[in-house]
Engineer: 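Handing you a structure now.
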Amino acid sequence: VGTRAAVKAVDTRDLVEAGAGIVLANTYHLMLRPGSAMIAQRGGLHRFMAWDGPILTDSGGFQIYSLSPTIDEEGARFRSVYDGSKVGLTPEEAIRIQEELGPDIAMALDVCVGLPAPRQEVEAEMERTLRWAERCLSAHTRGDQALFGIVQGGVDPDLRAKSASQTAALGFPGFGIGGLSVGESAAERHTALEASFAELPDDKPRYVMGLGDTEGLLEAIARGADMFDCVLPTRLARHGKALTRSGDLNLRNSAFETDDRPIDEGCSCRTCATHSRAYLRHLVRAKELSAHRLLTIHNLRYTLDLIAGAGDAIETGRFSEYLAQVAERRSDGSS
RNA sequence: GCCGGGAUGCCCGAGCGGCCAAAGGGAGCAGACUGUAAAUCUGCCGGCUGACGCCUACGGAGGUUCGAAUCCUUCUCCCGGCA
């Protein structure tokens, strides 16, 4: 996730090394700073941020959840997080801006509802998301850019099924599953995923938005998910936490003071190849910027390896073994 | 030597008769984080205890007072000024 056309603490070369296949950027943040026209003038997002691989932009739907603007049928009215000024975002605007930004995949503007929420509200916003999806579709003009619709409906299987089938009927080339990882339990999420996937075409990508913890990713893949994005690997890195095959590590903990092992013996990232837990713990405690960079490099590699491993396992028909193996190593306890 | 200022919990620092185990930082120890308002936020943080509570504490000693980190005397050390 590179919300502001930058994955925090690393550069595009680090992303290539980590094995990143796609980068996400954000419509809301980029329209306010530096502005989509400014980026368009510089040849679009790819050239601007020097990333040759695929780019996806989120529409600003998540900010409708996290920044709680006022919403009406026309669109959302925000206060800019940068200068407090009033800004509006409609489905048409979200598309226009994303066409200027120039990602390979744009997302329809949806309304993401935090959970738990009254069914009435979840249903109303799911319906609104559906209406907005149509508007996004008709506003979309760039043939070289894919536009994904977004399934909402909270954790209610019926609402999910309706949202998925109606969104699918609009003919999008790919589908985001939104409104998850926003307060629901794992079991509720699984129900929502199953209900959504059942109504989506098998030959088009299914993108579970905002999901990124190890167990959550594998459970979603097991149910048919193809794509993900998540701030967790990079944010946890900045907060001193390292993800590993044998459980996650809070490197601030005194347990690592004299631990000379790498974060993860099985990891081939540069951080694990060069630095000990003891050193990294020191960097974290000393608030050295390199701690952010080194842990981000590792957490990205860990997460991307996990996903790549799942892909390999699926291709060789050994996915359930893979699932069991990952779960066993992680539960065997950390350290 | 004289005059003035000061010594507070691991560190810095507020308090200036009871509401003080003592504000606020920092450090330390844990926890949270999922389409990034996040290099952020939360909790604990003298000792014993699950808790009530008890004990020890505001440089040392002594005193005033029902009651002192807070007032007085004296000692020690630190800082500034004058000799």
Side-chain angles (χ1 to χ4, degrees), chain A residues 1-10 22-30 32-33 55-69 78-84 87 94 98 103 105-115 129 148-152 174-186 188-189 193 206-220 225 227-243 248-257 281 283-296 299 303:
Chain A
V1 174
T3 303
R4 303 193 288 199
V7 176
K8 295 183 194 299
V10 296
I22 182 167
V23 169
L24 172 148
N26 184 274
T27 301
Y28 169 85
H29 288 281
L30 293 177
L32 296 178
R33 190 163 71 190
I55 296 178
L56 177 150
T57 47
D58 184 30
S59 57
F62 186 74
Q63 282 63 42
I64 291 180
Y65 154 68
S66 67
L67 303 176
S68 43
F78 291 87
R79 283 279 175 185
S80 163
V81 294
Y82 299 105
D83 61 11
V87 292
Q98 291 183 88
I105 301 172
M107 299 302 295
L109 185 65
D110 65 326
V111 182
C112 180
V113 179
L115 299 172
T129 296
F148 281 21
I150 300 178
V151 176
Q152 286 290 340
F175 301 89
I177 311 299
L180 295 177
S181 306
V182 288
E184 79 285 359
S185 70
E188 289 173 322
R189 184 163 65 237
L193 285 176
R206 301 149 170 198
Y207 158 36
V208 180
M209 307 181 76
L211 181 66
D213 65 284
T214 299
E215 287 70 25
L217 288 171
L218 295 181
E219 290 295 338
M227 295 171 58
F228 304 95
D229 78 276
C230 195
V231 305
L232 215 50
T234 57
R235 181 183 291 168
L236 292 181
R238 274 173 276 121
H239 294 175
K241 200 154 189 177
L243 310 173
D248 302 339
L249 269 34
N250 186 342
L251 287 171
R252 285 192 327 239
N253 290 175
S254 50
F256 304 113
E257 186 172 8
R281 168 174 141 89
L283 295 181
V284 167
R285 281 160 35 102
K287 296 180 166 54
E288 283 294 335
L289 294 182
S290 57
H292 296 171
R293 176 170 151 75
L294 293 170
L295 289 182
T296 297
N299 282 353
T303 305

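Quick note on labels: first sequence line is chain A, next is B, and so on, each numbered from 1.
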Engineer: Determine the interatomic distance between P on C52(B) and the same-named atom on A22(B); round to the nearest Å.
Structural biologist: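 Each nucleotide's P atom is 13 Å from the other's.
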Engineer: Touch check for Ser254(A), heavy atoms < 4.0 angstrom, all strands: base, sugar-phosphate only, or nothing?
Structural biologist: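 Sugar-phosphate: the residue Ser254(A), judged by heavy atoms under 4.0 Å, touches backbone atoms but no base.
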Engineer: Do Met107(A) and Ile150(A) have side chains that approach each other closer than 4.5 Å (heavy atoms only, starting at C-beta)?
Structural biologist: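 Yes, at least one pair of side-chain atoms sits under 4.5 Å.
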Engineer: Side-chain contact test, heavy atoms from C-beta onward, threshold under 4.5 Å: evaluate it for Gln63(A) versus Val81(A) and give yes or no.
Structural biologist: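 Sidechains of Val81(A) and Gln63(A): no contact.
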Engineer: Indicate yes or no: at least one non-hydrogen side-chain atom of Leu211(A) is less than 4.5 angstrom from one of Arg189(A).
Structural biologist: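 Answer yes - side chains close enough.
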Engineer: Please classify the nucleic acid contact of Leu24(A) as base, sugar-phosphate, or nothing, using heavy-atom distances under 4.0 Å.
Structural biologist: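 Here Leu24(A) touches the backbone only, sparing every base.
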Engineer: Starting at atom CZ of Arg33(A), determine the distance to atom P of U36(B), rounded to an integer number of angstrom.
Structural biologist: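 Checked: the CZ to P distance equals 15 Å.
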Engineer: Without decimals, in angstroms, what is the distance between Leu251(A) CG and A30(B) C1'?
Structural biologist: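 Computing the Leu251(A):CG to A30(B):C1' distance gives 14 Å.
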Engineer: Side-chain N or O of Asn253(A) less than 4.0 angstrom from OP1 or OP2 on G31(B)?
Structural biologist: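 The answer is yes; a side-chain N or O of Asn253(A) sits under 4.0 Å from OP1 or OP2.
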Engineer: Out of U36(B), A37(B), C33(B), which nucleotide sits closest to the side chain of Ser66(A)?
Structural biologist: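 In terms of side-chain proximity for Ser66(A), the closest of U36(B), A37(B), C33(B) is A37(B).
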Engineer: Using a 4.0 Å heavy-atom cut-off, does Arg281(A) contact any base of the nucleic acid, only the sugar-phosphate backbone, or nothing at all?
Structural biologist: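 Sugar-phosphate, backbone atoms only, no base.
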Engineer: Tell me, please, which residues at least two apart from His29(A) pass ring pair (Phe, Tyr, Trp, His ring centres under 6.0 Å).
Structural biologist: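 Partners of His29(A) by the ring pair (Phe, Tyr, Trp, His ring centres under 6.0 Å) criterion, ordered by chain and then number, come out as Tyr82(A).
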Engineer: How would you label the contact of Asp110(A) with the nucleic acid (heavy atoms, under 4.0 Å): base, sugar-phosphate, or nothing?
Structural biologist: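 Here Asp110(A) touches the bases of the nucleic acid.
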Engineer: Taking the side chain as C-beta and beyond, is there a heavy-atom pair between Leu109(A) and Ile64(A) under 4.5 Å?
Structural biologist: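 Yes; the side chains approach each other to less than 4.5 Å.
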Engineer: Can you check the Ile55(A) CD1 to G35(B) P distance for me, whole Å?
Structural biologist: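 Checked: the CD1 to P distance equals 18 Å.
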Engineer: Go through U36(B), G35(B), C33(B) for me and flag the one nearest to the Cys230(A) side chain.
Structural biologist: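 So the nucleotide nearest the side chain must be G35(B).
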Engineer: Please work out if Leu180(A) contacts a base, only the sugar-phosphate, or nothing of the nucleic acid, heavy-atom cut-off 4.0 Å.
Structural biologist: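 Nothing, no nucleic acid heavy atom in range.
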Engineer: Counting any heavy atom closer than 4.0 Å, what does Glu215(A) reach on the DNA or RNA strands: base, sugar-phosphate only, or nothing?
Structural biologist: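 Here Glu215(A) touches no strand at all.
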Engineer: Heavy atoms only, 4.0 Å cut-off, all strands: where does Gly240(A) land among base, sugar-phosphate and nothing?
Structural biologist: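 Touches nothing.
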Engineer: Please tell me which of the listed nucleotides, G28(B), G35(B), C33(B), lies nearest to the side chain of Arg285(A)?
Structural biologist: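 Ranking G28(B), G35(B), C33(B) by closest atom to the Arg285(A) side chain puts G28(B) first.
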Engineer: Could you tell me whether the side chain of Arg33(A) reaches within less than 4.5 Å of the side chain of Arg4(A), counting heavy atoms only?
Structural biologist: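 Arg4(A) vs Arg33(A): side chains touch.
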Engineer: Can you measure Ile150(A) atom CD1 to G35(B) atom P for me and round it to whole angstrom units?
Structural biologist: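 Result: 13 Å.
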Engineer: By the 4.0 Å heavy-atom rule, please label Arg189(A) as base, sugar-phosphate, or nothing.
Structural biologist: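 Contact class for Arg189(A): none.
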Engineer: What's the CD-P distance between Glu184(A) and G35(B), to the nearest Å?
Structural biologist: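 Nearest whole value for this atom pair: 12 Å.
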Engineer: Please tabulate the protein-to-nucleotide N/O contacts below 3.5 Å involving nucleotides 39-47 of chain B, giving atom names and distances.
Structural biologist:
unit_1, atom_1, unit_2, atom_2, d
A39(B), OP2, Arg238(A), NH1, 2.6

Engineer: Taking 4.0 Å as the cut-off, does a side-chain nitrogen or oxygen of Gln63(A) come that near to OP1 or OP2 on U36(B)?
Structural biologist: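 Indeed, a polar side-chain atom of Gln63(A) lies that close.
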Engineer: Which nucleotide in the set C33(B), G31(B), U36(B) lies at the smallest distance from any side-chain heavy atom of Lys241(A)?
Structural biologist: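 It is C33(B).
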